[in-house]
Amino acid sequence: MAIKLRARKCVLLVIYLAVFSVLTASTHGAPIFIFGDSTMDVGTNNHLENCKARADHQYYGIDYQGSQATGRFSNGFSTADTIVQLLGGYDLSPLPYLALVEDGSNFTREILHGVNFASGGAGLAKATNQAFYGNVVSMEDQVQQFATVRGNITALLGGTKGDHLLRKSMYIFSIGSNDLMTYIFTKPMTPEQFVINLTDTYAIHLKNLYSLGARKFGIISLPPLGCCPLARASTHGGVCDDDSNNLARACHASFDNLLKNLSSTLKGFKYSLANTYNMTMNVINNPSGNHKYSFYL
Ligand SMILES: *[C@@H]1O[C@H](CO)[C@@H](O)[C@H](O)[C@H]1NC(C)=O
Ligand SMILES: *[C@@H]1O[C@H](CO)[C@@H](O)[C@H](O)[C@H]1NC(C)=O
Ligand SMILES: *[C@@H]1O[C@H](CO)[C@@H](O)[C@H](O)[C@H]1NC(C)=O
Ligand SMILES: *[C@@H]1O[C@H](CO)[C@@H](O)[C@H](O)[C@H]1NC(C)=O
Ligand SMILES: *[C@@H]1O[C@H](CO)[C@@H](O)[C@H](O)[C@H]1NC(C)=O
């Protein structure tokens with residue numbers, strides 16, 4: 001149990017080293033909606049009662065303005081901040097949905113810039129880490145929260161203008177690592193079945209968002225989870241754990257197929273898939289190299 005606890009904590013703390021160069025002139029200034037886990041959370045979990053996955057204390061945020069721990073699972077910015085900075089038009093990620101709800105004063109103004117729904121520890125599957133951390137916002141609940149925001153935007157702008165804005169908006173995802181680590185520790189099915197199950201679960205969420213009006217999807221797939229320090233601590237000689245890394249690569253390939261399928265069957269579905277596995281491996285294997293990646297939408 002001690003090992004399980006430590007290793008799963010490590011997943012939550014994974015920080016992407018990769019630099020995204022996001023080229024999206026046509027979406028400049030459009031709202032950005034962010035879904036995901038600790039790699040994208042900018043304070044959601046601070047607003048959850050009974051949630052033990054928290055980044056509201058030292059030394060989180062040590063390099064952030066004023067050295068504040070904001071709920072980002074990072075020393076400074078989260079991936080969500082970096083992506084919106086690269087997209088242009090924004091200095092920081094949109095605010096967490098739960099923060100906007102809690103202090104309603106800026107809700108209607110802020111939702112027109114976007115909302116961040118991401119919750120550290122969350123997974124694509126509803127049950128992932130719920131018992132383990134007490135309470136996290138699953139992907140299903142994040143989509144449900146977006147449905148509420150969509151209703152608020154439509155009420156504000158009217159149906160035609162609201163739908164137009166939501167079609168122009170960007171939907172960014174970084175989630176699945178916690179499902180993978182849960183699988184590694186519990187193995188309730190074969191690895192092949194797990195990859196299909198996770199992909200099918202992702203498909204349900206993406207289709208639901210499409211039916212709510214989303215069209216531009218930016219998906220960040222799974223990093224080499226077997227290389228995070230605590231996973232390496234459990235292998236002989238401190239090498240990366242192959243089981244986790246093989247699964248992360250298999251998930252990337254499967255997400256790639258899914259997105260191709262969705263874009264060929266759903267009219268107007270546009271996407272970009274970031275290969276976080278290769279990006280992170282390149283940084284690990286070649287730390288002094290020039291790490292620039294393109295992430296087109
Ligand atoms: C709401 O917006 C105002 C003006 O930008 C800002 O001063 C205030 O801190 C915001 N409130 C919250 C809770 O973010
Ligand atoms: C947003 O929509 C929800 C659900 O319809 C509603 O309960 C809430 O009051 C709305 N928020 C605002 C600020 O209008
Ligand atoms: C994934 O597997 C779980 C556990 O067997 C099951 O409850 C769930 O319905 C599956 N999800 C999909 C999308 O097939
Ligand atoms: C994509 O579509 C092909 C052809 O219909 C199908 O065989 C495959 O299982 C689909 N893959 C995913 C991940 O949806
Ligand atoms: C990822 O890395 C592998 C191994 O180096 C390589 O074969 C593959 O083409 C790379 N994929 C992308 C999308 O760069």
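The structure presented is a predicted model; accordingly, all values stated were derived computationally and were not measured. Read the numbers this way: they start at 1 and go in the same order the structure lists the ligands and their atoms.
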* To do: Can you sort out which atoms of ligand 5 are near N278, meaning under 4.0 Å from one of its heavy atoms?
  => 1 (C), 2 (O), 3 (C), 8 (C), 10 (C), 11 (N), 12 (C), 14 (O)
* **Main-chain N/O of G120 paired to N45 side chain as donor or acceptor, under 3.5 Å** => yes
* Asked: Is it true that the side chains of N208 and S211 contain a donor and an acceptor less than 3.5 Å apart?
  -> no
* Asked: So, N135 and N50: side-chain donor and acceptor under 3.5 Å apart, yes or no?
  -> no
Give a table of atom pairs where an N or O of ligand 4 lies under 3.5 Å from a protein N or O.
from, atom 1, to, atom 2, distance (Å)
ligand 4, 2 (O), N261, OD1, 3.0
ligand 4, 2 (O), N261, ND2, 2.3
ligand 4, 11 (N), N261, ND2, 3.0
ligand 4, 14 (O), N261, ND2, 3.0

* ligand 3 atoms in contact with M189 (distance to a heavy atom under 4.0 Å) -> 2 (O)
* Check whether the side chains of R72 and T70 place a donor and an acceptor atom closer than 3.5 Å, and report yes or no. => yes
* **Heavy-atom donor-acceptor pair, T280 side chain to Y277 backbone, under 3.5 Å** => no
* Asked: Among side-chain atoms of T44 and S119, is any donor-acceptor pair under 3.5 angstrom?
  -> no
* Which atoms of ligand 5 sit under 4.0 Å from any heavy atom of N275? -> 11 (N), 12 (C), 13 (C)
* Looking at N197, which atoms of ligand 3 are within less than 4.0 Å of one of its heavy atoms? -> 1 (C), 2 (O), 3 (C), 8 (C), 10 (C), 11 (N), 12 (C), 14 (O)
* **F194 and Y183 aromatic ring geometry - parallel, tilted or perpendicular at 30°/60° bounds** => parallel
* Any luck finding a side-chain donor-acceptor pair between S93 and N116 under 3.5 Å? -> yes
